[in-house]
Number of protein chains: 2
Amino acid sequence: MPADRAPTRIQRKNRAAILEAALDVFSSHGFRGSTVDQIAKAAGLSKPNLLYYFPSKEAIFNELMAGLLDTWLDPLRALDPEGEPLEEILAYVQRKLQMSRDFPRESRLYANEIVQGAPRLHDVIAADLNVLVEEKAQLLQGWMDAGRINRAHPKHLLFSIWSLTQHYADFDAQVRTLMGDEDPFDAAPQYLETLYRRMLTPKS
Amino acid sequence: MPADRAPTRIQRKNRAAILEAALDVFSSHGFRGSTVDQIAKAAGLSKPNLLYYFPSKEAIFNELMAGLLDTWLDPLRALDPEGEPLEEILAYVQRKLQMSRDFPRESRLYANEIVQGAPRLHDVIAADLNVLVEEKAQLLQGWMDAGRINRAHPKHLLFSIWSLTQHYADFDAQVRTLMGDEDPFDAAPQYLETLYRRMLTPKS
DNA sequence: CGTGAGTTTGACCAGTTGGTCAAATCAAGG
DNA sequence: CCTTGATTTGACCAACTGGTCAAACTCACG
């Protein structure tokens, strides 16, 4: 294992290559379905060499997950109590949709984990995520009470945003097959904007 | 392996037990993450005994998938060109939501497969599902052209229905953690009805 | 160019896994 | 109750997998 000192050039390069390869492999085969050998080969290293940089397969996975969750929740954190409610929500939807397009592997990695019961994530969800969701649900409820957007169950509203946006990353294989030549991300922004605008615009 | 004759009482019972157990195990660990031993134990059989009824792990999985897909698409097939458009769509949404509540394992099994790129399902999706979706997208487009529901990209409309309803099964672990005591399925039907009603009800 | 820390590798190990097989056990009809 | 086919099992195997280790190699730096 590399010493506790500042990482050398080689260390930085190889650790980055491993995490990049691991994201690729884990996101398309799940934790259990991925082998250390696969990841090593994808990173251009031998298995023992990879294990020189990370103590175990699980350590790679955990580091990947830790890094992921933070960026994953940034768009929600950015929901601004001071902004115009409908525009804030629509912007959140679009930001989330962009993440599905630009970081589909991250989305699938997360999906893989949750679908299988979130065995390695349960604590994080119950703690950090729960607090954030509770806060933002309050915010949405406040906007609704003030008549600035239509009423709807705030948490279900958040779920629907996650669901609709991440669907384009998580079910990419299905969506693309059914869309043929058309790029799903051409019409998706418009579709989701229309959906949430119609749903939330308060009756004049 | 059982002969090609009519299945005995024991054969019927054990094959059913195996498929039931396999649904449980596959849906919560994925194909690669499940072991034959796990399935056998869950079915109350020894591993060699299980392999007396199915030639391989993959054979179990395939039989499960084949049976699944048909029932999975039934609600969409039931979308009736003769019915009242908005009510037809709302009924479809509710039927799909009920399936997520009553058959979450089936939903997760399917999700697991698609998230990982649908390696074993690509052909089926490209063939059967594609035809059905093409047909129903036409139907929706017709309703929009006739001004009976609001305009929206028909395929994205279908994707959104799948996404929103299956989310409650596939992301159950996350949804339940964030909802606390409240059963997600209490408010979900109302939420989705409101969403699609607001979105699709034509401006008078 | 020498040297010591950092890096890489082939050989290896123990546990797991999908699957086989011959022998043992069971069930049902004659 | 006895025979025959259906069912079950313990022992076993080969391939794979996560991980170890000592030896070899490389590289930066004095």
Side-chain angles (χ1 to χ4, degrees), chain A residues 1-65 112-113 116 119-120, chain B residues 1-65 112-113 116 119-120:
Chain A
M1 326 112 195
D4 228 349
R5 336 205 134 246
T8 70
R9 183 178 44 88
I10 296 179
Q11 273 170 41
R12 255 198 306 279
K13 196 194 64 174
N14 281 346
R15 284 183 59 97
I18 291 169
L19 288 172
E20 164 68 21
L23 175 59
D24 231 60
V25 175
F26 280 140
S27 71
S28 51
H29 304 291
F31 179 78
R32 186 90 212 276
S34 307
T35 76
V36 177
D37 242 339
Q38 259 179 315
I39 300 172
K41 203 151 291 176
L45 301 175
S46 67
K47 187 171 61 163
N49 198 177
L50 180 150
L51 288 166
Y52 169 73
Y53 290 101
F54 287 88
S56 70
K57 179 182 169 184
E58 197 150 359
I60 306 175
F61 185 86
N62 288 338
E63 184 145 337
L64 213 48
M65 271 295 175
N112 248 312
E113 190 58 13
Q116 304 194 359
R120 286 165 246 273
Chain B
M1 327 108 198
D4 230 349
R5 336 203 134 248
T8 71
R9 182 179 44 89
I10 296 179
Q11 272 170 43
R12 255 197 305 279
K13 196 194 63 171
N14 281 346
R15 284 183 58 98
I18 291 169
L19 288 173
E20 163 68 21
L23 176 58
D24 231 60
V25 175
F26 280 141
S27 71
S28 52
H29 304 293
F31 179 78
R32 187 86 213 277
S34 306
T35 75
V36 177
D37 242 338
Q38 259 179 316
I39 299 172
K41 204 151 292 178
L45 300 174
S46 67
K47 186 171 62 165
N49 198 178
L50 181 149
L51 289 166
Y52 169 73
Y53 290 101
F54 287 87
S56 71
K57 180 181 166 183
E58 198 151 359
I60 306 175
F61 185 85
N62 288 338
E63 184 145 335
L64 211 50
M65 270 296 175
N112 247 312
E113 190 60 13
Q116 304 195 358
R120 289 164 246 272

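- Taking only side-chain atoms of P48(B), from C-beta outward, the nucleotide of dT20(C), dG19(D), dT7(C) with the closest atom is dT20(C).
- A close approach under 4.0 Å does not occur between any side-chain nitrogen or oxygen of Y52(B) and OP1 or OP2 of dT9(D).
- One interatomic measurement links the two molecules: CD of Q38(B) to P of dT17(C), which rounds to 8 Å at whole-angstrom precision.
- Atom C1' of nucleotide dT16(C) and atom NZ of K57(A) are separated by 12 Å, given to the nearest angstrom.
- Side-chain N/O atoms of T8(A) include one lying less than 4.0 angstrom from OP1 or OP2 on dT7(C).
- The aromatic rings of F26(A) and F31(A) lie parallel to each other, with less than 30° between the two planes, well short of the 60° mark.
- Not one side-chain nitrogen or oxygen of R32(B) sits closer than 4.0 Å to the OP1 or OP2 atom of dG18(C).
- Separating the CG atom of N49(A) from the C1' atom of dA24(D) is a distance of 13 Å, rounded to the nearest angstrom.
- Regarding L50(A), its CG atom lies at a distance of 14 Å from the C1' atom of dT20(D), rounded to whole Å.
- Side-chain nitrogen and oxygen atoms of Q11(A) include none within less than 4.0 Å of the OP1 or OP2 phosphate oxygen of dG6(C).
- For N14(B), a side-chain nitrogen or oxygen approaches OP1 or OP2 of dT8(D) to under 4.0 Å.
- In this structure, E113(B) contributes its side chain and R120(B) its backbone to a donor-acceptor pair below 3.5 Å.
- One finds a side-chain N or O of S46(A) lying less than 4.0 angstrom from the OP1 or OP2 phosphate oxygen of dT9(C).
- OP1 or OP2 of dT8(C) sits under 4.0 Å from a side-chain N or O of Y53(A).
- The separation between L51(B) atom CG and dA22(C) atom C1' is 16 Å, rounded to whole Å.
- Remark: P of dT17(C) and NE2 of H29(B) are 11 Å apart, rounded to the nearest angstrom.
- An OP1 or OP2 oxygen of dC27(D) is reached within less than 4.0 angstrom by no side-chain nitrogen or oxygen of R9(A).
- A donor N or O paired with an acceptor N or O is found under 3.5 Å between the base of dG18(D) and the side-chain atoms of K47(A).
- Per the geometry, CD1 belonging to I10(B) stands 17 Å off P belonging to dG5(D), to the nearest Å.
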